[in-house]
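Numbers restart at 1 for each chain; the letters A, B, ... are given by sequence-line order, proteins then strands. Side chains included, hydrogens not; waters and symmetry mates left out as well; all remaining heavy atoms used. Everything numeric here is computed off the predicted structure, so don't read it as measured data.
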Amino acid sequence: MKAFYLTTPIYYVNDAPHIGHAYTTTAGDVLTRWHRQRGEAVWFLTGTDEHGQKVMRTAEANGVEPQVWADKLVESAWLPVLDTIDARNDDFIRTTQPRHMERVQRFLQRLKDAGHIYEGNYVGPYCVGCEEFKLEGDLIEVDGAKCCPIHGRPVESVEETNYFFRLSAYGEALIKHYQEHPEAVRPQSAYNEVMSFLKQGLNDLSISRSSFDWGIEVPWDPSQVVYVWFDALLNYATAVGLDDPAGSEGAEKFAATWPADVHLVGKDILRFHAVIWPAMLMAAGVDLPKCVFAHGWLLVGGEKMSKSKLTGIAPAQIIDHFGSDAFRYYFLRAIQFGADGSFSWEDMSARYTAELANGLGNLASRAAAMVGKYSGGVLQARHDYTEADQVIINKLSEVAAVADERVTELDFAGGIGAVKELIDAVNLYVTEQEPWKVAKDQAGMPRVETILYVICEALRGIAVLYNPLMPKAMAELWRQLGAEAVLGALDAQDVRNAGTWGQLPAGSVITKGAVLFPRLEEAE
RNA sequence: GGGGUGGUAGCUCAGUUGGUCAGAGCCCCGGACUCAUAAUCCGGUCGUCGUCGGUUCGAGCCCGACCCACCCUACCA
């Protein structure tokens, strides 16, 4: 069975990760955890992009070799941030690894041999920040100098003999492909932009550089290195064994993984992924990825967070205070995936307190306390259900179905919102059923037992559905429910079966463990 | 210049194929309750759904024009 294969962009090692990077990786992690909990084989890839002039110059500025610089950033920043956000990736590719470089060279030679690459001459303004040549019309004027509109720094005029990829040959084929597969670029706004761009016609793409040497050597011309984007895009395929000989381990991996099901990207790099990348694959006769999903930007104070400008917030700044679960919850819950979203410390604090501490955390707390107080800490068998009980039973079933539908469509906010409705319904249920009053009369105990069962069984479903999103807190909830002994590991619970009522058995030992989401001190 | 996206309560945002669609959460005020992380639950205040026209029995939802924000892209040089 082919794995569900998801990639994040490989991140440029020019600087340290900020929450924009972590946002992408978090979304990928939640989605892949969800698919794992549907019982599917999954492959989740992330990594770093390490070649190019900008990295070379940054390294020079720091007085070290590019590889040393890249190693340092990967070890000290990019790998640790995965632990910080609690991401469970299957692989981490670096574009300086032999496995990548060798396969890139092989791929390039193959394209060359098939006539998709030719030698040409290119003269034009070049922005070091963007790693690309600019069109005159794109430039802006600053103090009399032509500058890159993105970086606001002067462009350099560069003339090179380069190798060109016949990108222009694929415009029509791409348009046709996307007309037949409108789901291949999402959301709709991204699809529209790509189509609009394609319809204007494509130019061939210069895919090599001779003015510097920090890159993968062009196999037939050692004086040139591969253009960093051409190099970088290939990581998604080289990481799983692109073009390895039949029968090899790499070939088997490729067959079991490719094509990618989802390439998660920020909307700023959509075009590379939805135009250049599929054209490269078409030229090579390799299957195209099923979907490129472009998410929006995190806005801080109304401005885009940027790796070029220094407005980035490090994930640890937030996670040290709120924890990784809350980080994951907040960004996927508060922002419609695909749209831009504004982040503020105040908003995050408000949602943490209202939805996690007061909502879910407190519900788990009152449930465990009542089972302890009225049933000696052991979940009792339920008795006849009332209409009120049935409302919760139905709600869990409905919510589980909606959540699966939404999350698999990458509508994280929709999926989380559905589960939150259940949490609110159960809190209401507890208040209305008033088990503490029913328990005052010994004759009411059977009813109390049923109420407590309904609450705990609903929490069981919530734990399963929220586990991909908040694995640490849900693991604790699973322990408190005493569920593992009978139901097995939380990670092994199928999300598609989460809505089936009555799984948590009578006799489960419910304990009041650590507070799931402690109230946090006000921080500035 | 062309194209895209968005402009809905103080804040963050939902609003399917036009007919309780004027909403949710947060905030604020009042009340109920005590199992619980001073949590929970109920009630209440706030909007001419960017502007102006049009289609329709009826429009945040359709059409046209315009304004604002952001994004993509061209020409001229």
Side-chain angles (χ1 to χ4, degrees), chain A residues 134-141 146 149-150 185 187-203 266-272 274-275 294 296-299 302-304 330-331 333-375 402 405-406 411 413-414 416-418 420-421 423-440 448 451-452 455-456 459 473 476 480 510 512-521:
Chain A
K134 292 294 174 183
L135 297 171
E136 287 289 345
D138 288 338
L139 303 179
I140 57 171
E141 195 114 2
K146 298 278 191 179
I150 296 169
V185 181
Q188 185 67 40
S189 55
Y191 178 88
N192 293 343
E193 282 202 13
V194 168
M195 290 302 267
S196 159
F197 179 75
L198 285 172
K199 283 171 182 166
Q200 291 167 30
L202 300 175
N203 296 318
K267 65 182 185 182
D268 50 331
I269 54 173
L270 171 64
R271 231 167 59 211
F272 294 97
V275 177
W297 289 330
L298 301 185
L299 307 177
E303 246 188 67
K304 178 201 171 196
Y330 174 76
F331 286 104
R333 151 75 176 149
I335 300 167
Q336 188 64 43
F337 199 62
D340 291 351
S342 39
F343 164 80
S344 74
W345 193 272
E346 293 70 25
D347 186 46
M348 182 159 182
S349 291
R351 281 195 191 271
Y352 177 89
T353 301
E355 299 179 11
L356 294 179
N358 297 351
L360 175 54
N362 185 54
L363 176 61
S365 176
R366 60 200 306 209
M370 285 190 285
V371 174
K373 190 165 181 175
Y374 303 126
S375 297
V402 170
E405 185 184 323
R406 297 281 195 279
D411 176 8
I416 295 165
K420 181 181 176 294
E421 277 184 30
I423 293 167
D424 292 342
V426 178
N427 262 323
L428 173 60
Y429 169 86
V430 175
T431 301
E432 289 185 335
Q433 296 307 307
E434 301 178 308
W436 48 90
K437 280 189 182 171
V438 182
K440 284 178 179 166
V448 170
I451 295 168
L452 294 182
I455 298 168
C456 291
L459 280 169
E476 174 58 26
Q480 293 182 15
I510 312 290
K512 192 164 169 72
V515 167
L516 260 34
F517 303 101
R519 297 184 70 76
L520 297 172
E521 295 301 315

Side chain of A:T431 - closest among B:U40, B:C13, B:U34: B:U40
When both hydrogen-bonding distances must be under 3.5 Å and the geometry is Watson-Crick or G-U wobble, what is B:G25 paired with, if anything? B:C11
Distance, C1' atom - from B:A24 to B:C49, rounded to whole angstrom: 15 Å
Between B:C27 and B:U45, how far apart are the C1' atoms? Round to whole Å, please. 12 Å
Nearest-angstrom distance from the residue atom CG of A:D347 to P of B:A24: 18 Å
Expressed as a whole number of Å, how far does the C1' atom of B:U34 sit from that of B:A38? 11 Å
Could you measure between the two P atoms, the one in B:G30 and the one in B:C68, and give it in whole Å? 44 Å
How long is the line joining CD of A:Q336 and P of B:A14, in whole Å? 6 Å
Whichever of A:K373 and A:L428 has its nearest RNA chain B nucleotide further upstream toward 5': A:K373
When we call it a touch if two heavy atoms are under 4.0 Å apart, what does A:Y374 touch: a base, just sugar-phosphate, or nothing? sugar-phosphate
Work out how far the C1' atom of B:G50 is from that of B:U8, and round it to whole angstrom. 10 Å
Nearest non-hydrogen partners of A:D340 and A:G296, listed with the distance: OD1-CA, 3.3 Å
On a whole-Å scale, what distance lies between the P atoms belonging to B:G23 and B:U48? 15 Å
Assign A:K437 to base, sugar-phosphate, or nothing according to its heavy-atom contacts below 4.0 angstrom with the strands shown. sugar-phosphate
Rounding to a whole Å, what distance do you find between A:L298:CG and B:C13:P? 12 Å
Could you tell me the Watson-Crick or G-U partner of B:C62, where both distances fall under 3.5 Å? Say none if there is no partner. B:G54
Regarding the side chain of A:N362, the nearest nucleotide among B:U37, B:U5, B:G25 is B:U37
Measure the distance from CZ on A:F517 to P on B:U40 and round it to the nearest whole Å. 15 Å
At their closest point, which heavy atom of A:A294 faces which heavy atom of A:A190, and how far apart are they? CB-CB, 4.1 Å
Starting at atom CG of A:N427, determine the distance to atom P of B:U34, rounded to an integer number of angstrom. 17 Å
Complement of B:U34, any strand, by Watson-Crick or G-U distances under 3.5 angstrom: none
Pairwise 5' ranking along RNA chain B for A:A334 and A:E193, keeping only the more 5' one: A:A334
Considering every strand and a 4.0 Å limit on heavy-atom distances, what is the contact class for A:K512: base, sugar-phosphate, or nothing? sugar-phosphate
Residue matched to B:G6 through Watson-Crick or wobble contacts both under 3.5 angstrom: B:C68
Looking at A:Y330 and A:M348, what are the two nearest heavy atoms and their distance? CE1-CA, 3.5 Å
Closest heavy-atom pair, A:Y191 versus A:V185, reported as atoms and distance to 0.1 Å, is CB-O, 3.4 Å
Can you tell me how far C1' in B:C28 sits from the matching atom in B:A65, rounded to whole Å? 41 Å
B:G60 glycosidic conformation (syn if within 90° of 0, otherwise anti) is syn
Working to the nearest 0.5 angstrom, can you tell me the gap between A:D268 CG and A:W297 CH2? 5.5 Å
Can you tell me, in whole Å, how much space there is between the C1' of B:C61 and that of B:U17? 11 Å
Checking all strands, does A:L516 fall into the base, sugar-phosphate, or nothing category for heavy-atom contacts under 4.0 angstrom? base
Spacing of A:Y352 atom OH relative to B:A39 atom P, expressed in whole Å: 13 Å
One should read off an interatomic distance between A:L452 CG and A:R366 CZ, to the nearest 0.5 angstrom, of 11.5 Å
When the distance from CG of A:D424 to P of B:C26 is rounded to whole Å, what number comes out? 8 Å
Using a 4.0 Å heavy-atom cut-off across all strands, classify A:A357 as base, sugar-phosphate, or nothing. base
Compare side-chain N and O positions of A:R519 against OP1 and OP2 of B:A39 and report whether any pair is under 4.0 Å apart. yes
Can you check whether A:T353 has a side-chain N or O nearer than 4.0 Å to OP1 or OP2 of B:U37? no
Could you tell me if the side chain of A:L360 sits less than 4.5 Å from the side chain of A:L459, heavy atoms only? yes
Can you tell me the distance, in whole Å, between the CG atom of A:N358 and the P atom of B:C41? 9 Å
